[in-house]
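To start, the structure under review is shown below, and the notes come after it.
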Amino acid sequence: MFFNKKTEISIDDRLKHIAFIMDGNGRWAKRRALPRSAGHKFGVNSLEKIARICFECGIKYVTVYAFSTENWSRPKNEIDSIIDLLRSYIKRAKEDNTLRYIFLGDKTVLDEKLQDMMNELEEITKNNDKILNIAFNYGGRAEIVNACNTLIASGKNKITEADITNNLYTAHMPDPDLIVRTAGEFRISNFLLWQCAYSEFYITKKLWPDFDKAELKKAIDSFYKRTRRFGGLNKGEE
Ligand code: FPP
């Protein structure tokens, strides 16, 4: 295990990829009599802080669920506030340019200017080695269907698991080892459906804007107490 002095969290290469379902921003705001948009704003602060700690610990891939294909059914002002947050986040990320950003999801339905900003951020950060995936207008089922259609269009009439894996938005990166969901719900909400086949889950009641280093440490400690078998048996269990 590699102990990182600054974060006081130990990891090793069993934890390469951590993903977050950042739930509870609305409840966080409601408890403070604030608009839901304020919850999302504080949610972005949490995201920036937690991603930085994960990378400091040595985790190579961080994925966050920022906007799902189902989130379009929310009130327009809430959607607009999330899109505004994305715009200002991209501007900061571009200036900082220490991480590699990859957007998971269908950009094509977004405003063209926003698409350009997203593509530009992916392009200018492509040589950085720590990867932050932002799932935006993302749906796990749509991602799998999209991969299948790409394969059909390429002329395939028989496909393998590897074919699908290599045509997802997450192609060429490891599946998430650990998926953390805040705000206490025990569901996957159409997130990384293919990739989560053998992921470990950590659910906490903490709302996303309150998720901090201490809670991240608890999630990681819990991950290292699990015995991962990937459907098989470990040595000594035969
Ligand atoms: C779930 O909380 C959160 C979302 C649907 C959006 C998450 C978005 C952010 C953290 C900000 C956007 C990120 C970027 C990078 C721009 P909820 O609103 O469902 O909370 P609730 O269940 O308490 O109502």
Side-chain angles (χ1 to χ4, degrees), residues 18-55 61-107 109-111 113-122 125 130-140 142 169 179-192 201-212 215-216:
I18 185 165
F20 296 94
I21 302 180
M22 309 182 287
D23 197 9
N25 296 343
R27 275 164 278 181
W28 185 92
K30 195 171 175 200
R31 283 180 196 172
R32 289 160 179 81
L34 293 169
R36 294 179 60 83
S37 57
H40 297 313
K41 185 165 181 273
F42 280 86
V44 175
N45 292 347
S46 245
L47 156 58
E48 293 186 321
K49 204 172 53 200
I50 293 299
R52 197 173 48 241
I53 299 171
C54 289
F55 291 124
Y61 302 85
V62 175
T63 300
V64 293
Y65 202 7
F67 194 84
S68 76
T69 44
E70 289 71 38
N71 286 149
W72 294 107
S73 63
R74 295 197 176 203
K76 185 172 179 308
N77 66 345
E78 181 173 353
I79 296 172
D80 288 347
S81 75
I82 294 178
I83 291 180
D84 281 349
L85 287 169
L86 178 63
R87 280 205 189 88
S88 44
Y89 184 82
I90 291 175
K91 283 185 196 147
R92 287 197 300 282
K94 207 175 121 184
E95 294 238 314
D96 174 62
N97 197 2
T98 52
L99 305 177
R100 177 173 181 189
Y101 290 87
I102 298 178
F103 289 97
L104 316 182
D106 179 12
K107 293 187 193 103
V109 300
L110 303 171
D111 169 282
K113 231 176 136 195
L114 179 60
Q115 287 184 47
D116 290 346
M117 288 175 78
M118 294 162 94
N119 291 334
E120 192 196 14
L121 183 66
E122 289 181 325
T125 63
K130 294 165 182 156
I131 297 187
L132 179 54
N133 295 309
I134 300 179
F136 204 92
N137 192 29
Y138 173 88
Y169 296 115
I179 298 182
V180 174
R181 181 168 188 146
T182 55
E185 314 288 355
F186 285 71
R187 56 175 172 260
I188 191 72
S189 300
N190 206 12
F191 186 50
L192 303 178
F201 285 83
Y202 179 84
I203 316 281
T204 169
K205 282 198 172 139
K206 276 230 175 206
L207 306 177
W208 177 251
D210 291 328
F211 191 86
D212 56 8
E215 196 61 37
L216 177 68

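By convention here, the first residue in the shown sequence is residue 1. Counting starts at 1 for both ligands and their atoms, in listed order. Any value given below was found using the heavy atoms of this structure, including those in side chains, with hydrogens, waters and symmetry copies removed.
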Nearest non-hydrogen partners of A29 and G39, listed with the distance: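 Smallest heavy-atom distance, with atoms named: CB-N, 3.7 Å.
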L99 to T125 - nearest heavy-atom pair and separation: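 Where L99 meets T125 most closely, the heavy atoms are O-CB, 3.1 Å.
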contact_flag K30 ligand 1 heavy-atom lt 4.0 Å: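 No.
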G24 near ligand 1 by a heavy-atom separation under 4.0 Å: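 Yes, G24 has heavy atoms under 4.0 Å from ligand 1.
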For [atom], closest protein heavy-atom neighbour:
atom: atom 15 (C) of ligand 1; result: L47 CD2, 3.7 Å
atom: atom 20 (O) of ligand 1; result: G26 N, 3.0 Å
atom: atom 9 (C) of ligand 1; result: N25 ND2, 3.7 Å

Verdict with reasoning, R181 to F201, per side-chain contact (heavy atoms from CB on, under 4.5 Å): CA-CA 8 Å; R181 181 168 188 146; F201 285 83; over 6 Å; no
Side chain, backbone, both or neither: N71 near ligand 1, heavy atoms under 4.0 Å: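 For N71, the contact with ligand 1 is made by the side chain alone.
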Min N/O separation [X] to ligand 1 under 3.5 Å:
X: V44; answer: no
X: R36; answer: yes
X: D23; answer: yes

Salt bridge (charged side-chain N to carboxylate O under 4.0 Å, His left out): pairs with one or both residues in residues 75-90, sequence neighbours excluded: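 Applying salt bridge (charged side-chain N to carboxylate O under 4.0 Å, His left out) to every pair that reaches into residues 75-90, excluding sequence neighbours, yields R36-E78, R74-E78, K76-D80, D84-R87.
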With the side chain counted from C-beta on, respond yes when [X] and [Y] share a heavy-atom pair under 4.5 Å apart, and no when they do not.
X: N71; Y: Y138; value: no
X: R92; Y: V44; value: yes
X: L110; Y: F103; value: no

Contact atoms of ligand 1, heavy-atom distance to H40 under 4.0 Å: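 This gives 4 (C), 6 (C), 11 (C), 18 (O) as the contact atoms.
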Criterion ring-ring contact (aromatic ring centres under 6.0 Å, His included) against F20, the qualifying member of W208, Y65, F191: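 Testing F20 for a ring-ring contact (aromatic ring centres under 6.0 Å, His included) against W208, Y65, F191 leaves exactly one candidate, W208.
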Heavy-atom proximity to atom 17 (P) of ligand 1, best of R74, R27, M22, E78: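 When every heavy atom of R74, R27, M22, E78 is considered, R74 comes closest to atom 17 (P) of ligand 1.
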Option nearest atom 7 (C) of ligand 1 (shortest heavy-atom distance, choices A51, A66, S68):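 Closest candidate by heavy-atom distance is A66.
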